[in-house]
Amino acid sequence: SFTNNSKLSYYRNPYYMTGFGQFPITNISVYYNAEDVGYFGFSYDNQSWGEIVMTTPQEPYGTVKHDIYERSFSLGFSRKICEELNAGISLRYPYMNWYNDAPNGVYLSLGVLYQPQLLENRLTLGFAIMNLGPAIEYKETTGSETRSFYDPPPTRLNIGLNFQTTENDYFSLPINLSISKPFDERDGDRQGQSSFKTLFTDWKDFPNDASLHTGISFIWKPLNLGKNFSFIQEMFAGNFSDGIKTELQNYYTLGANVGIEYFPYRFTIGYAGVVHNVHY
């Protein structure tokens with residue numbers, strides 16, 4: 001909703017697990033500001049889980065190779081409702097190549113951003129419900145029999161705020177605080193359920209199943225290098241902490257972006273990673 005010019009973003013996480021290998025995650029996103037219409041976004045995600053050698057009755061020595069991956073396509077739109085309020089909607093189509101199965105679905109996300117004019121746009125409040133949709137169906141075939149089992153969709157409620165503690169001609173210093181809650185309730189047979197149901201029933205573990213996200217950023221204003229070129233540098237520090245009903249993750253992160261701006265074009269490159277995991 002704050003896109004001034006068209007943007008293209010490429011992200012890659014090598015995601016290496018000791019003893020298991022590399023399972024890289026790649027994201028490509030495009031943002032476009034259509035004046036007087038709204039803001040459009042497109043995103044493509046891909047995670048490779050590597051090539052698995054399988055055995056079958058026809059190939060008992062495991063000569064059949066299978067490429068396992070997860071991919072998704074997303075299309076979003078947002079629009080300014082008034083000077084203080086933006087609202088958006090997106091649709092995501094994820095699918096997976098999983099042995100002899102191809103689970104997939106269509107998921108809906110809704111969100112709003114609120115910037116009270118009273119605080120001169122220094123405070124931004126956000127609310128979003130991500131990935132509303134049906135349970136994810138997996139099919140397992142044994143001999144001539146095929147059975148289905150279900151996982152809950154990756155539905156989350158996100159509530160957050162961003163506050164500009166310092167804003168001057170040289171830098172800005174925003175802080176961020178947010179919480180997120182999953183809706184992953186299962187029925188008596190341990191099968192996942194549609195989030196359109198669990199959105200109303202899966203509250204018994206809250207707030208113990210919620211995650212806390214905190215962060216601070218140090219954003220230097222573009223430094224004029226002459227000839228319409230400017231230097232950009234941004235630094236970020238954060239913490240992610242899960243509730244006691246989840247995996248008890250708690251880790252600190254650091255990130256940085258550097259780049260060059262040649263109005264209206266901007267090119268940046270960045271790095272982000274975990275600097276300390278409390279539980280290891």
Side-chain angles (χ1 to χ4, degrees), residues 12-28 42-76 89-110 128-158 180-206 209 211 242 245-249:
R12 188 177 189 275
N13 184 344
Y15 197 71
Y16 182 83
M17 295 179 64
T18 303
F20 293 93
Q22 194 176 35
F23 309 104
I25 302 170
T26 303
N27 169 267
I28 300 174
F42 170 80
S43 180
Y44 166 74
D45 296 276
N46 178 74
Q47 179 166 18
S48 171
W49 292 98
E51 194 173 61
I52 306 297
V53 177
M54 300 173 58
T55 60
T56 66
Q58 294 76 27
E59 299 288 346
Y61 298 104
T63 58
V64 177
K65 296 182 179 180
H66 187 78
D67 187 24
I68 297 179
Y69 56 81
E70 297 179 40
R71 294 173 182 166
S72 75
F73 295 89
S74 304
L75 183 65
I89 183 172
S90 74
L91 289 175
R92 179 185 300 273
Y93 173 68
Y95 63 96
M96 185 178 190
N97 191 37
W98 178 256
Y99 295 100
N100 295 320
D101 193 15
N104 62 83
V106 177
Y107 297 93
L108 172 72
S109 298
L110 304 167
I129 300 176
M130 308 296 293
N131 299 314
L132 286 165
I136 304 168
E137 181 183 15
Y138 296 86
K139 294 180 180 179
E140 182 179 74
T141 301
T142 304
S144 60
E145 182 181 354
T146 299
R147 68 182 185 93
S148 295
F149 58 97
Y150 297 87
D151 270 349
T155 306
R156 297 188 81 89
L157 169 67
N158 297 329
S180 62
K181 178 201 162 15
F183 293 90
D184 52 5
E185 184 180 46
R186 295 176 181 267
D187 62 20
D189 295 324
R190 302 300 301 160
Q191 298 293 322
Q193 304 178 75
S194 164
S195 58
F196 293 108
K197 175 184 178 182
T198 59
L199 193 64
F200 302 97
T201 60
D202 187 19
W203 288 96
K204 58 183 180 300
D205 292 325
F206 184 78
D209 62 346
S211 299
D242 271 332
K245 284 287 186 178
T246 51
E247 299 177 2
L248 284 180
Q249 296 184 98

Query raised in the report: Please, which pairs that meet salt bridge (Lys or Arg N to Asp or Glu O under 4.0 Å) have at least one residue in residues 95-107, sequence neighbours excluded?
Result: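 Found none.
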
**Report entry** Under 3.5 Å side-chain donor-acceptor pair for Asp45 and Ser72
**Finding:**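 A pair is found: one side chain offers a donor N or O, the other an acceptor, under 3.5 Å apart.
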
**Report entry** Polar side chain donor-acceptor pair, Thr198 to Asp184, under 3.5 angstrom
**Finding:**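 Note: Thr198 and Asp184 side chains miss the donor-acceptor criterion.
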
Query - Side-chain donor/acceptor of Ser180 to backbone N/O of Asn158, under 3.5 Å - result: no

Query raised in the report: With distance as the sole test, does Asn97 use its side chain to make a donor-acceptor pair with the main-chain N or O of Asp67 at under 3.5 Å?
Result: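 Checked: pair present.
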
Calculate, to the nearest 0.5 Å, the distance between atoms [atom1] and [atom2] belonging to [X] and [Y] respectively.
X	Y	atom1	atom2	value
Trp203	Asp209	CH2	CG	8.5 Å
Leu75	Tyr93	CG	OH	15.0 Å
Glu140	Thr146	CD	OG1	9.5 Å
Gln22	Asn13	CD	CG	9.0 Å
Ile28	Thr26	CD1	OG1	7.5 Å
Gln191	Asp151	CD	CG	8.5 Å

Quick one: closest heavy-atom pair of [X] and [Y], and the distance?
X	Y	value
Asn131	Thr155	O-OG1, 2.6 Å
Ala135	Gly192	CB-O, 3.6 Å
Pro134	Tyr107	O-OH, 3.3 Å
Arg186	Tyr150	NH1-O, 3.4 Å

Query raised in the report: How would you list, by chain and number, every residue that makes a side-chain hydrogen bond (donor to acceptor under 3.5 Å, both in side chains) with Arg12, sequence neighbours excluded?
Result: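 Expected list: none.
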
Query raised in the report: For Lys139, which residues count as a side-chain hydrogen bond (donor to acceptor under 3.5 Å, both in side chains) partner, sequence neighbours excluded?
Result: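 Applying side-chain hydrogen bond (donor to acceptor under 3.5 Å, both in side chains) to Lys139 gives none.
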
Report task. Check the pair Tyr69 / Phe23 against side-chain contact (heavy atoms from CB on, under 4.5 Å), numbers first and verdict last. Result -> CA-CA 9 Å; Tyr69 56 81; Phe23 309 104; over 6 Å; no

Report task. Kindly write out the residues that satisfy side chain to side chain contact (heavy atoms under 4.5 Å, CB included) with Leu110, not counting sequence neighbours, or none if the list is empty. Result -> Ile89, Leu108

**Report entry** Set of side chain to side chain contact (heavy atoms under 4.5 Å, CB included) partners for Phe196, sequence neighbours left out
**Finding:** Leu132, Ser194

Query raised in the report: Does a side-chain heavy-atom distance below 4.5 Å link Ser195 with Pro153?
Result: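 In contact.
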
Query raised in the report: How about Ile136 and Pro103: do any of their side-chain heavy atoms sit closer than 4.5 Å?
Result: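 SC-SC contact between Ile136 and Pro103 confirmed.
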
Requested in this report: Run the numbers on Arg156 and Ser211 for side-chain contact (heavy atoms from CB on, under 4.5 Å), then give the verdict.
Outcome: CA-CA 10 Å; Arg156 297 188 81 89; Ser211 299; 3.6 Å; yes

**Report entry** CZ (Phe73) with more than 12 external heavy atoms under 6.0 Å
**Finding:** yes

Report task. Name all residues meeting the salt bridge (charged side-chain N to carboxylate O under 4.0 Å, His left out) criterion together with Arg71; count only those two or more places apart in sequence or in a different chain, and write none if there are none. Result -> none

Query raised in the report: Are Glu185 and Lys197 ion-paired here, with the side-chain N under 4.0 Å from a carboxylate O?
Result: no

